[in-house]
**Q** 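Take this structure first; my questions come after.
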Amino acid sequence: MDWLSQPAPVVAPALLGMVLVRQFADGLQLRAQIVETEAYAPGDPACHAYRRQTKRNRVMFGPAGHLYVYLIYGMYHCLNIVTEAEGIPAAVLIRAVSLNLIPEWIPPQKRCQPERVGAGPGLLCQALRIDCSHNGWPLRQVGENQEGIWLEGSPGCQTSIVQTTRIGIRQGADIPWRWYIGGHPSVSRY
DNA sequence: CTCACGATTGGA
DNA sequence: CCAATCGTGAGC
């Protein structure tokens with residue numbers, strides 16, 4: 001069992017500061033430092049798996065270290081990393097990242113504020129070109145000419161962590177399972 | 001089978 | 001404040 005197999009509220013703050021690497025088949029590699037996360041876990045009314053297993057939330061019940069990606073508001077995607085032991089549905093939503101490069105498919109207008117290109121769950125999926133086709137993918141390092149997504153760095157190394165309630169939810173709005181790097185310019189909202 | 005709504009975002 | 005846009009799932 002690796003460290004991702006812990007409860008989501010343990011994994012979420014530990015992911016801050018780690019780098020999500022996005023490798024494309026054409027050789028392009030994007031590196032995104034995780035600066036904001038949220039946890040969703042069993043018994044949590046905001047969790048997609050709160051009621052029962054469904055077609056959409058299926059991968060949340062699977063083993064840790066896989067991607068749970070879903071469509072939101074019919075136009076954006078949200079990226080989660082599954083945690084906990086198999087059979088226990090839990091995940092960490094990646095809410096904001098800081099990119100090392102601004103990909104060419106980002107509109108010129110947004111390039112003017114490079115630190116905001118990954119400042120939100122829908123925005124970072126656009127920047128990293130992650131969509132529902134990646135749902136269920138394992139985090140896995142690949143060669144330079146393959147498509148893949150994986151994590152680099154050590155968990156739990158970030159110091160200035162701020163904890164608050166989660167954003168954009170109604171149920172479970174009082175649960176303080178959001179964490180971000182204090183003062184970081186790529187955090188989605190303050 | 002239907003239909004209200006959502007872990008969002010950008011623009012009025 | 002409000003619209004865009006569509007898959008999902010709760011409830012009939």
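Chain A is the first sequence line, chain B the second, and so forth, proteins listed ahead of strands; every chain is numbered from 1.
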**Q** Is the ring centre of A/Y76 under 5.5 Å from the base ring centre of B/dT8, and are the two planes under 30° apart, so that they stack?
**A** no
**Q** When you compare C/dT5 with B/dT2, how far apart are their P atoms, in angstrom units rounded to a whole number?
**A** 23 Å
**Q** For the side chain of A/W177 and the backbone of A/Q163, is there at least one donor-acceptor N/O pair under 3.5 Å apart?
**A** no
**Q** So, does A/R56 get its side chain near the phosphate of C/dG9, meaning an N or O under 4.0 Å from OP1 or OP2?
**A** yes
**Q** Determine the interatomic distance between P on B/dA7 and the same-named atom on C/dG11; round to the nearest Å.
**A** 16 Å
**Q** Measure CG/A/N57 against C1'/C/dG9 and give the value in whole Å, please.
**A** 10 Å
**Q** Using whole Å, report how far OH of A/Y73 lies from P of B/dG11.
**A** 18 Å
**Q** May I have the distance from A/H48 (atom NE2) to B/dG6 (atom C1'), rounded to whole angstrom?
**A** 7 Å
**Q** Within less than 4.0 Å of OP1 or OP2 of B/dT9, is there a side-chain N or O belonging to A/R116?
**A** no
**Q** Is A/Y40 stacked against the base of B/dA7, taking the criterion as centroid distance under 5.5 angstrom and interplanar angle under 30°?
**A** yes
**Q** So A/R166, base contact, sugar-phosphate only, or nothing? Heavy-atom distance under 4.0 Å.
**A** nothing
**Q** Is A/R166 salt-bridged to A/D44, going by a charged N under 4.0 Å from an acidic O?
**A** yes
**Q** To the nearest angstrom, how far is A/R189 atom CZ from B/dT8 atom P?
**A** 8 Å
**Q** Taking the six-membered ring for Trp and the single ring otherwise, decide whether the centroids of A/Y70 and A/H48 are under 6.0 Å apart.
**A** yes
**Q** State whether A/K110 places a side-chain N or O below 4.0 Å from either non-bridging phosphate oxygen (OP1 or OP2) of B/dG10.
**A** yes
**Q** Nearest to the side chain of A/L123, heavy atoms from C-beta on, is which of C/dG7, B/dG10, C/dG9?
**A** B/dG10
**Q** Just call it for A/G74: base, sugar-phosphate, or nothing, with non-hydrogen atoms closer than 4.0 Å on any strand.
**A** base
**Q** Separation of A/I106 atom CD1 from B/dG10 atom P, in whole Å?
**A** 10 Å
**Q** Could you give the CG-to-P distance, from A/L71 to B/dC5, as a whole number of Å?
**A** 18 Å
**Q** From C-beta outward on A/R52, which listed nucleotide comes closest to its side chain: C/dA4, C/dA10, B/dA7?
**A** C/dA10
**Q** Measure from the side chain of A/Q109, starting at C-beta and using heavy atoms only, and say which of B/dA7, C/dT5, B/dG11 lies closest.
**A** B/dG11
**Q** Determine, for A/E36 against A/R189, whether the closest basic-nitrogen to carboxylate-oxygen distance falls under 4.0 angstrom.
**A** no
**Q** Taking the side chain of A/R95 as its heavy atoms from C-beta onward, which of C/dA10, B/dG6, B/dA7 lies nearest to it?
**A** B/dA7
**Q** Check for a donor-acceptor pair, side chain of A/Q6 on one end and backbone N or O of A/W3 on the other, with a separation under 3.5 Å.
**A** yes
**Q** Which nucleotide, B/dT8, B/dG6, C/dC6, lies nearest any side-chain atom of A/R170?
**A** B/dG6
